[in-house]
Amino acid sequence: MAFKTDIQIAREAKKRPIQEIGEKLGIGSDDLLPYGHDKAKVSQTFIDGVQKNSNGKLILVTAINPTPAGEGKTTTTVGLGDGLNRIGKKAAVCIREASLGPNFGMKGGAAGGGYAQIVPMEEMNLHFTGDFHAITSAHSLLSAMIDNHIYWGNELEIDTRRVVWRRIVDMNDRALRQITASLGGVANGFPRETGFDITVASEVMAILCLARNLEDLQKRLGDMIVAYRRDKTPVFARDIKADGAMTVLLKDAMQPNLVQTLENNPAFVHGGPFANIAHGCNSVIATTTALKLADYVVTEAGFGADLGAEKFMNIKCRKAGLAPSCVVLVATVRAMKMNGGVAKADLGAENVDAVKKGCANLGRHIENVKSFGVPVVVAINHFVTDTDAEVDAVKEYVKGQGSEAILSRHWELGSEGSADLATRVAEIADGESANFSPIYPDEMPLMQKIETVAKRIYRADEVLADQKVRNQLKEWEAQGYGNLPICMAKTQYSFTTDPDRRGAPTGFSVPVREVRLSAGAGFVVVICGEIMTMPGLPRVPSAENIRLNADGDVEGLF
């Protein structure tokens, strides 16, 4: 049987005017700032006006470690949101915006798939409402103002060897990872070494996703450390006097974007930090607003639960005062087989033994999420090649872990296929009392926090960090930053820092290459192994196949 492609399904969507979608959540037309007919921003005035409302139930969707076989975390997030609405619940979806870098690289779209999608998917995966451009511009303004300050006399006595603020661009461009700037003589400033990160790794992105309002946004922007003096005292963005203008550039971007699913249910798409190099969650302002408007809010955290869910719990929930009522852990039979040693070309053939072997990865994620005190249900994202025996093997394994696995066919059937999952999730959220708590306290030393995540979540034997890294952490503690959470940056494909070690490995170390203080965002980034904050394009990037067809439609992006 031939199935329609995601883009074919999306283009056949019967979208409703965005004002009708707003009405479902009680958002009036005057409080929506439309971008065309099918997307809009929600005004800050409206958001301020609903803060006294009680909160709905927060449901986190996370997953096993991603494999080339596919897991479908965003697809399940959308499908579950539609499923909850189908069974009579008032639900909203919250996901992140897509970065252009992966879209033109190898990842493809980020709006779900099949009959569990958010639309308009083409706009969402390209420029959308311009939020990423605003973040890039605000970041670039600060970059320019730092070098301009140095050029015009350096009143702040910045040590040009210790400028820690890097530049950004929303594209995978490995050639920019390390550069020399200001070449060409006196008129161009003082030459120094610097580099570029991708926009989603910018501290400005993290701040936009963690700030509660514009006042909080400007304070956090001002708190960013951009350089150090010769005596190693920090220079902040507010010292450069950039925080006000940056806030102006981000004023509209700060407002959450409202769109809709294929079934015309409300979805907030806002913010886009990656979970392998940043904290990987939808914005706090979008999530908290949705919680004031819906009885159930389904949100996702990037990549596997060892990254996205860990940071959702330890960073986002800690900082925003949130607590999930239920966690949905997404897995596929195909991914279980790949974790069990089956090659991608052979995934279509039944192999129950490989499924059982590969379930170890799933089991570790279940145990990890439970350690935060939150109930877990496994969603088996159905593929048409799955056999009953393989699905039963996953269900039996999960049952042995003290949880429940439910087959969900939202990709193929939309909300009809996710109704069972939605029913069980609602029962858990309403009936079971979560006892949520982060896995380490604020007052724990930074190095001990790193070791806690590495040992308790990854199951590493030790953390390898040279004396320079350890001394840097101690310096930050002495400066008053010791109470910050840590944001681990590592490969998403494995519990280890080796992307080829699948399953549930033991007997390994986690090497820490570098640490970066994100004082404005409020966390310490810990860069492990070979992970890059500026990705590169693959040998054959998706961009080679992206074009407009004769009708002016985009082809090759999805």
Side-chain angles (χ1 to χ4, degrees), residues 41 44 97 99-101 127-160 162-171 173 176-177 179-184 187-211 213-229 234-255 270-273 278 283 285 516-522 525 533-534:
K41 284 188 169 291
Q44 185 66 52
E97 300 176 52
S99 166
L100 292 179
H127 303 288
F128 200 29
T129 59
D131 293 345
F132 277 32
H133 299 305
I135 291 165
T136 303
S137 295
H139 185 116
S140 299
L141 172 63
L142 177 55
S143 301
M145 291 181 71
I146 294 167
D147 286 317
N148 187 62
H149 178 89
I150 295 170
Y151 178 82
W152 288 108
N154 196 8
E155 182 182 346
L156 292 169
E157 298 182 348
I158 292 171
D159 184 346
T160 56
R162 295 189 173 96
V163 177
V164 295
W165 189 253
R166 291 163 59 85
R167 285 167 157 77
I168 62 165
V169 63
D170 190 25
M171 197 57 61
D173 193 346
L176 295 177
R177 286 174 183 160
I179 67 166
T180 303
S182 301
L183 296 179
N188 296 341
F190 298 87
R192 65 180 179 85
E193 191 175 356
T194 183
F196 278 75
D197 294 329
I198 192 167
T199 295
V200 289
S202 167
E203 186 175 356
V204 178
M205 171 68 80
I207 286 173
L208 181 124
C209 290
L210 290 169
N213 49 46
L214 287 173
E215 182 181 3
D216 186 31
L217 176 73
Q218 180 162 348
K219 179 189 179 301
R220 288 172 177 269
L221 292 172
D223 285 343
M224 295 188 299
I225 295 174
V226 300
Y228 292 89
R229 301 177 180 87
V235 178
F236 297 93
R238 70 170 57 88
D239 297 328
I240 303 292
K241 300 178 182 177
D243 51 322
M246 293 176 74
T247 303
V248 170
L249 283 173
L250 295 168
K251 176 176 65 70
D252 292 338
M254 186 67 182
Q255 298 173 127
H270 195 222
S283 74
I285 193 169
R516 298 179 184 178
L517 174 59
S518 294
V525 180
T533 50
M534 167 56 82

Quick one: does Ser202's side chain have a donor or acceptor within less than 3.5 Å of a partner on Val204's backbone?
yes

Practice item. Side-chain contact test, heavy atoms from C-beta onward, threshold under 4.5 Å: evaluate it for Val235 versus Ile225 and give yes or no. Key: no

side-chain hydrogen bond (donor to acceptor under 3.5 Å, both in side chains) filter on Thr247, not counting sequence neighbours, yields none

Paired with Met246, the side-chain contact (heavy atoms from CB on, under 4.5 Å) test is passed by just one of Leu141, Leu217, Ile240, namely Leu141

**Study point:** Full working for side chain to side chain contact (heavy atoms under 4.5 Å, CB included) between Leu176 and Val169
**Key:** CA-CA 9 Å; Leu176 295 177; Val169 63; 4.1 Å; yes

| Is Asp243 reaching over with its side chain to a backbone N or O of Leu221, donor-acceptor style, under 3.5 angstrom? | no

Here the salt bridge (charged side-chain N to carboxylate O under 4.0 Å, His left out) pairs for residues 244-254, sequence neighbours left out, are none

The side-chain hydrogen bond (donor to acceptor under 3.5 Å, both in side chains) partners of Gln255 (sequence neighbours excluded) come to none

Rounded to the nearest 0.5 Å, the CG atom of Leu214 sits from the NZ atom of Lys219 at a distance of 15.0 Å

- [ ] Check whether any side-chain heavy atom of Phe190 sits under 4.5 Å from a side-chain heavy atom of Ser182, and report yes or no.
- [x] no

Minimal heavy-atom distance between Thr194 and Trp165, with the atoms involved, is OG1-O, 4.1 Å

Check: Does a side chain donor of either Ser99 or Asp170 reach within less than 3.5 Å of an acceptor in the other side chain?
Finding: yes

Practice task
Indicate yes or no for a side-chain donor-acceptor contact from Glu97 to the backbone of His127 under 3.5 Å, with no hydrogens or angles considered.
Solution key: no

So the salt bridge (charged side-chain N to carboxylate O under 4.0 Å, His left out) pairs with at least one residue in residues 145-159 (sequence neighbours excluded) are Asp147-Arg167, Asp147-Arg192, Asp159-Arg161, Asp159-Arg162

Output for pair (Cys209 SG, Ile285 CD1), nearest 0.5 Å, gives 11.0 Å

Quiz item: Taking side chain as C-beta onward, heavy atoms only, is Tyr228 less than 4.5 Å from Val164?
Solution: yes

On a heavy-atom basis, the closest approach of Ile158 and Ala227 is CG2-CB, 3.7 Å

Rounding to 0.5 Å, atoms CD1 (Ile146) and CG (Leu156) come to a distance of 10.5 Å

One should read off an interatomic distance between Thr533 OG1 and Phe196 CZ, to the nearest 0.5 angstrom, of 12.5 Å

On a heavy-atom basis, the closest approach of Ile198 and Gly101 is CD1-CA, 4.2 Å

Here the gap from His270 atom NE2 to Phe128 atom CZ, rounded to the nearest 0.5 Å, amounts to 9.0 Å

Residues at least two apart in sequence or cross-chain that pass salt bridge (charged side-chain N to carboxylate O under 4.0 Å, His left out) with Arg166, listed by chain then number, are Asp197

Arg177 meets the salt bridge (charged side-chain N to carboxylate O under 4.0 Å, His left out) criterion, sequence neighbours left out, with none

Is there a donor-acceptor pair under 3.5 Å between the side chain of Gln44 and the backbone N or O of Asn213?
no

- When you measure from the side chain of His139 to the backbone N and O of Thr199, does any donor-acceptor pair fall under 3.5 Å? no

In short, Ala138 meets Leu250 closest at the heavy-atom pair CB-CG, 3.9 Å

Correct closest heavy-atom pair for Gly272 and Val200 would be O-CG1, 2.9 Å

dist Ile207:CD1 -> Met224:CE (nearest 0.5 Å) comes out at 4.5 Å

Between Asp131 and Lys41, the two heavy atoms sitting closest are OD1-NZ, 2.9 Å

Got a salt bridge between Arg238 and Asp223, using NZ or NE/NH1/NH2 to carboxylate O under 4.0 Å? yes

